[in-house]
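Naming convention: chains lettered A, B, ... in sequence-line order (proteins, then strands); numbering from 1 in each chain.
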2 protein chains.
Amino acid sequence: MKNESNMQVTFSKRRANLFKKASELCTLCGAEIAIVVFSQGKANKVYSFGHPLVELLVDTFLGRDLPPPNDDDRHNNLIRAHRNTGQRGFNKEVMDMQESREGESTREIPT
Amino acid sequence: MKNESNMQVTFSKRRANLFKKASELCTLCGAEIAIVVFSQGKANKVYSFGHPLVELLVDTFLGRDLPPPNDDDRHNNLIRAHRNTGQRGFNKEVMDMQESREGESTREIPT
DNA sequence: ACACCTATTGTTAGGAT
DNA sequence: AATCCTAACAATAGGTG
(Lines give C-alpha, C1' and ligand atoms only; values in the text may rest on other atoms or scores of the structure.)
Protein backbone atom coordinates (compact mmCIF):
# COMPACT_ATOMS: atom_id res chain seq x y z
CA MET A 1 0.00 0.00 0.00
CA LYS A 2 1.37 3.35 -1.03
CA ASN A 3 0.74 6.12 1.44
CA GLU A 4 -1.20 7.17 4.50
CA SER A 5 -4.30 8.42 2.73
CA ASN A 6 -4.58 5.32 0.56
CA MET A 7 -4.57 3.29 3.74
CA GLN A 8 -7.37 5.42 5.13
CA VAL A 9 -9.42 4.57 2.03
CA THR A 10 -8.61 0.87 2.37
CA PHE A 11 -9.56 1.02 6.05
CA SER A 12 -12.94 2.55 5.27
CA LYS A 13 -13.71 0.16 2.45
CA ARG A 14 -12.72 -2.94 4.38
CA ARG A 15 -14.47 -1.82 7.54
CA ALA A 16 -17.67 -1.26 5.55
CA ASN A 17 -17.39 -4.72 4.05
CA LEU A 18 -16.70 -6.27 7.45
CA PHE A 19 -19.93 -4.71 8.75
CA LYS A 20 -21.76 -5.84 5.64
CA LYS A 21 -20.57 -9.43 6.12
CA ALA A 22 -21.66 -9.29 9.74
CA SER A 23 -25.05 -7.99 8.70
CA GLU A 24 -25.44 -10.80 6.18
CA LEU A 25 -24.52 -13.36 8.80
CA CYS A 26 -27.20 -11.95 11.11
CA THR A 27 -29.90 -12.06 8.44
CA LEU A 28 -28.89 -15.36 6.92
CA CYS A 29 -28.32 -17.37 10.09
CA GLY A 30 -30.20 -15.42 12.76
CA ALA A 31 -26.98 -14.70 14.63
CA GLU A 32 -26.46 -11.77 16.99
CA ILE A 33 -23.22 -9.90 16.39
CA ALA A 34 -21.37 -7.01 17.98
CA ILE A 35 -18.25 -5.46 16.46
CA VAL A 36 -16.07 -2.70 17.89
CA VAL A 37 -13.28 -1.19 15.78
CA PHE A 38 -10.64 1.23 17.03
CA SER A 39 -8.69 2.92 14.27
CA GLN A 40 -5.01 3.50 14.84
CA GLY A 41 -2.98 6.69 15.02
CA LYS A 42 -3.79 10.36 15.43
CA ALA A 43 -7.25 10.17 13.88
CA ASN A 44 -8.24 7.66 16.53
CA LYS A 45 -11.89 6.76 16.17
CA VAL A 46 -14.29 4.12 17.37
CA TYR A 47 -16.67 2.39 14.99
CA SER A 48 -19.26 -0.16 15.96
CA PHE A 49 -21.79 -2.54 14.51
CA GLY A 50 -24.48 -4.22 16.56
CA HIS A 51 -27.43 -6.45 15.88
CA PRO A 52 -29.02 -5.81 18.22
CA LEU A 53 -27.24 -3.12 20.29
CA VAL A 54 -23.52 -3.61 20.91
CA GLU A 55 -24.03 -2.80 24.60
CA LEU A 56 -26.52 -5.61 25.13
CA LEU A 57 -24.33 -8.20 23.42
CA VAL A 58 -21.02 -7.31 25.05
CA ASP A 59 -22.76 -7.06 28.39
CA THR A 60 -24.03 -10.60 28.01
CA PHE A 61 -20.57 -11.61 26.85
CA LEU A 62 -18.78 -10.12 29.86
CA GLY A 63 -21.16 -11.54 32.47
CA ARG A 64 -21.53 -14.81 30.72
CA ASP A 65 -23.82 -16.30 33.35
CA LEU A 66 -27.19 -15.51 31.77
CA PRO A 67 -28.17 -11.88 32.40
CA PRO A 68 -30.60 -11.23 35.28
CA PRO A 69 -32.71 -8.16 34.38
CA ASN A 70 -31.87 -6.21 37.54
CA ASP A 71 -28.15 -6.77 37.95
CA ASP A 72 -26.82 -3.40 39.13
CA ASP A 73 -23.35 -3.65 37.67
CA ARG A 74 -24.45 -4.55 34.18
CA HIS A 75 -27.30 -2.09 34.26
CA ASN A 76 -24.94 0.71 35.21
CA ASN A 77 -22.68 -0.14 32.31
CA LEU A 78 -25.59 0.35 29.96
CA ILE A 79 -26.62 3.57 31.63
CA ARG A 80 -23.10 4.93 31.53
CA ALA A 81 -22.71 4.00 27.89
CA HIS A 82 -25.91 5.77 27.00
CA ARG A 83 -25.03 8.79 29.11
CA ASN A 84 -21.67 9.12 27.36
CA THR A 85 -23.27 8.74 23.98
CA GLY A 86 -25.64 11.54 24.87
CA GLN A 87 -22.86 13.79 26.15
CA ARG A 88 -20.94 13.46 22.96
CA GLY A 89 -24.00 13.42 20.76
CA PHE A 90 -22.88 16.42 18.74
CA ASN A 91 -19.76 14.51 17.76
CA LYS A 92 -21.62 11.41 16.78
CA GLU A 93 -21.99 10.56 13.12
CA VAL A 94 -24.40 7.86 12.15
CA MET A 95 -22.82 5.97 9.32
CA ASP A 96 -25.93 4.49 7.75
CA MET A 97 -23.94 2.61 5.16
CA GLN A 98 -27.04 0.90 3.95
CA GLU A 99 -30.72 1.24 4.73
CA SER A 100 -30.33 0.28 8.39
CA ARG A 101 -32.25 -2.83 9.24
CA GLU A 102 -34.53 -3.51 12.19
CA GLY A 103 -32.58 -3.44 15.46
CA GLU A 104 -29.21 -2.97 13.84
CA SER A 105 -26.89 -0.01 14.16
CA THR A 106 -23.54 1.24 12.96
CA ARG A 107 -21.78 4.17 14.59
CA GLU A 108 -18.70 6.27 14.36
CA ILE A 109 -17.43 7.96 17.50
CA PRO A 110 -14.38 10.29 17.53
CA THR A 111 -12.11 9.88 20.55
CA MET B 1 -30.60 -22.29 1.57
CA LYS B 2 -31.90 -25.81 1.79
CA ASN B 3 -32.02 -27.18 5.31
CA GLU B 4 -30.87 -26.70 8.89
CA SER B 5 -27.52 -28.45 8.61
CA ASN B 6 -26.56 -26.61 5.42
CA MET B 7 -27.16 -23.39 7.30
CA GLN B 8 -24.88 -24.56 10.08
CA VAL B 9 -22.13 -25.07 7.50
CA THR B 10 -22.77 -21.65 5.98
CA PHE B 11 -22.68 -20.11 9.45
CA SER B 12 -19.32 -21.68 10.23
CA LYS B 13 -17.77 -20.73 6.91
CA ARG B 14 -18.98 -17.15 7.01
CA ARG B 15 -18.06 -16.68 10.66
CA ALA B 16 -14.53 -17.90 9.93
CA ASN B 17 -14.29 -15.46 7.02
CA LEU B 18 -15.63 -12.62 9.11
CA PHE B 19 -12.89 -13.25 11.66
CA LYS B 20 -10.31 -13.52 8.90
CA LYS B 21 -11.40 -10.19 7.41
CA ALA B 22 -11.18 -8.62 10.85
CA SER B 23 -7.70 -10.04 11.30
CA GLU B 24 -6.60 -8.63 7.95
CA LEU B 25 -7.96 -5.22 8.89
CA CYS B 26 -5.95 -5.33 12.11
CA THR B 27 -2.72 -6.26 10.36
CA LEU B 28 -3.17 -4.03 7.34
CA CYS B 29 -4.33 -0.86 9.09
CA GLY B 30 -3.21 -1.32 12.68
CA ALA B 31 -6.79 -1.33 13.90
CA GLU B 32 -8.00 -2.95 17.12
CA ILE B 33 -11.11 -5.06 16.71
CA ALA B 34 -13.43 -7.03 18.95
CA ILE B 35 -16.21 -9.26 17.62
CA VAL B 36 -18.78 -11.21 19.58
CA VAL B 37 -21.10 -13.65 17.80
CA PHE B 38 -24.09 -15.39 19.35
CA SER B 39 -25.45 -18.23 17.27
CA GLN B 40 -29.19 -18.71 17.20
CA GLY B 41 -31.39 -21.56 18.32
CA LYS B 42 -30.91 -24.62 20.47
CA ALA B 43 -27.18 -24.99 19.83
CA ASN B 44 -26.66 -21.51 21.23
CA LYS B 45 -22.98 -20.68 21.34
CA VAL B 46 -20.77 -17.65 21.75
CA TYR B 47 -17.82 -17.02 19.46
CA SER B 48 -15.39 -14.18 19.75
CA PHE B 49 -12.49 -12.54 18.03
CA GLY B 50 -10.23 -9.98 19.65
CA HIS B 51 -7.09 -8.13 18.72
CA PRO B 52 -6.09 -7.57 21.41
CA LEU B 53 -8.43 -9.19 23.99
CA VAL B 54 -12.16 -8.67 23.49
CA GLU B 55 -12.54 -7.75 27.15
CA LEU B 56 -10.09 -4.85 26.93
CA LEU B 57 -11.71 -3.40 23.81
CA VAL B 58 -15.34 -3.65 24.88
CA ASP B 59 -14.39 -2.31 28.29
CA THR B 60 -12.87 0.74 26.66
CA PHE B 61 -15.91 0.98 24.44
CA LEU B 62 -18.41 0.89 27.32
CA GLY B 63 -16.57 3.41 29.49
CA ARG B 64 -15.33 5.51 26.66
CA ASP B 65 -13.42 7.92 28.91
CA LEU B 66 -9.90 6.49 28.62
CA PRO B 67 -9.41 3.58 31.03
CA PRO B 68 -7.62 4.37 34.33
CA PRO B 69 -5.62 1.30 35.43
CA ASN B 70 -7.30 1.01 38.84
CA ASP B 71 -10.94 1.63 38.05
CA ASP B 72 -12.75 -0.92 40.22
CA ASP B 73 -15.79 -1.42 38.05
CA ARG B 74 -13.93 -2.06 34.85
CA HIS B 75 -11.31 -4.13 36.59
CA ASN B 76 -13.97 -6.35 38.09
CA ASN B 77 -15.51 -6.91 34.70
CA LEU B 78 -12.21 -8.22 33.45
CA ILE B 79 -11.66 -10.38 36.50
CA ARG B 80 -15.12 -11.84 36.29
CA ALA B 81 -14.76 -12.55 32.60
CA HIS B 82 -11.51 -14.34 33.21
CA ARG B 83 -12.89 -16.23 36.20
CA ASN B 84 -15.82 -17.48 34.12
CA THR B 85 -13.52 -18.48 31.33
CA GLY B 86 -11.49 -20.49 33.80
CA GLN B 87 -14.54 -22.12 35.34
CA ARG B 88 -15.73 -23.34 32.01
CA GLY B 89 -12.28 -24.05 30.68
CA PHE B 90 -13.02 -27.69 30.11
CA ASN B 91 -15.77 -26.65 27.74
CA LYS B 92 -13.65 -24.15 25.91
CA GLU B 93 -12.45 -24.92 22.42
CA VAL B 94 -9.79 -22.74 20.96
CA MET B 95 -10.62 -22.31 17.33
CA ASP B 96 -7.17 -21.55 16.04
CA MET B 97 -8.42 -21.09 12.53
CA GLN B 98 -5.03 -19.91 11.46
CA GLU B 99 -1.66 -19.68 13.15
CA SER B 100 -2.83 -17.28 15.85
CA ARG B 101 -1.04 -14.00 15.68
CA GLU B 102 0.50 -11.97 18.50
CA GLY B 103 -2.18 -10.73 20.92
CA GLU B 104 -5.09 -12.07 18.93
CA SER B 105 -7.55 -14.73 19.96
CA THR B 106 -10.61 -16.54 18.71
CA ARG B 107 -12.83 -18.55 21.02
CA GLU B 108 -15.90 -20.71 21.08
CA ILE B 109 -17.90 -20.89 24.29
CA PRO B 110 -20.95 -23.16 24.69
CA THR B 111 -23.80 -21.60 26.65
C1' DA C 1 -19.04 -33.08 10.57
C1' DC C 2 -15.00 -32.21 7.78
C1' DA C 3 -12.22 -31.63 3.56
C1' DC C 4 -11.88 -30.72 -1.23
C1' DC C 5 -13.79 -28.90 -5.69
C1' DT C 6 -15.84 -25.42 -8.79
C1' DA C 7 -18.92 -22.12 -11.17
C1' DT C 8 -20.70 -17.95 -9.79
C1' DT C 9 -20.59 -13.94 -7.31
C1' DG C 10 -18.27 -10.53 -4.38
C1' DT C 11 -14.17 -7.96 -2.81
C1' DT C 12 -10.00 -5.26 -3.48
C1' DA C 13 -6.43 -1.76 -4.73
C1' DG C 14 -5.53 1.46 -7.48
C1' DG C 15 -6.60 4.78 -11.12
C1' DA C 16 -9.71 8.27 -13.06
C1' DT C 17 -13.08 11.99 -12.50
C1' DA D 1 -13.18 12.83 0.43
C1' DA D 2 -16.58 10.49 -2.57
C1' DT D 3 -17.96 7.96 -6.51
C1' DC D 4 -17.32 5.02 -10.52
C1' DC D 5 -14.31 1.61 -13.03
C1' DT D 6 -11.92 -2.74 -13.55
C1' DA D 7 -8.53 -6.59 -13.66
C1' DA D 8 -6.90 -9.67 -10.20
C1' DC D 9 -8.16 -12.10 -6.56
C1' DA D 10 -11.13 -14.15 -2.84
C1' DA D 11 -15.69 -15.96 -0.89
C1' DT D 12 -19.75 -18.64 -1.44
C1' DA D 13 -23.23 -22.46 -1.96
C1' DG D 14 -23.76 -26.57 -3.17
C1' DG D 15 -21.80 -30.98 -4.56
C1' DT D 16 -18.91 -35.14 -3.69
C1' DG D 17 -15.86 -38.22 -1.09
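Using a distance-only test at 3.5 Å, with no hydrogens or angles considered, a donor-acceptor pair links the side chain of A:Thr60 to the main chain of A:Leu56.
Under the 4.5 Å side-chain heavy-atom criterion for Ile, Leu, Val, Met, Phe, Trp and Tyr, B:Val9 and B:Met7 are members of distinct hydrophobic clusters.
A:Arg15 has its CZ atom 13 Å from the C1' atom of D:dA1, to the nearest Å. One can place CD of A:Glu4 at 15 Å from P of C:dA13, the figure rounded to the nearest angstrom.
Proximity of B:Ser105 to B:Leu53: side-chain heavy atoms (C-beta onward) are separated by under 4.5 Å at one or more points.
Using the six-membered ring where Trp is involved, A:Phe11 and A:Tyr47 have ring planes that are perpendicular, over 60° apart on the 30 and 60° scheme.
Taking every heavy atom of both residues into account, A:Leu25 and B:Arg14 meet most closely at CD1-CB, 3.7 Å.
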Fill in the blank from the handout: With B for base contact, S for sugar-phosphate-only contact and - for none (protein heavy atoms under 4.0 Å), nucleotides 10-17 of chain D reads -SSBBS--
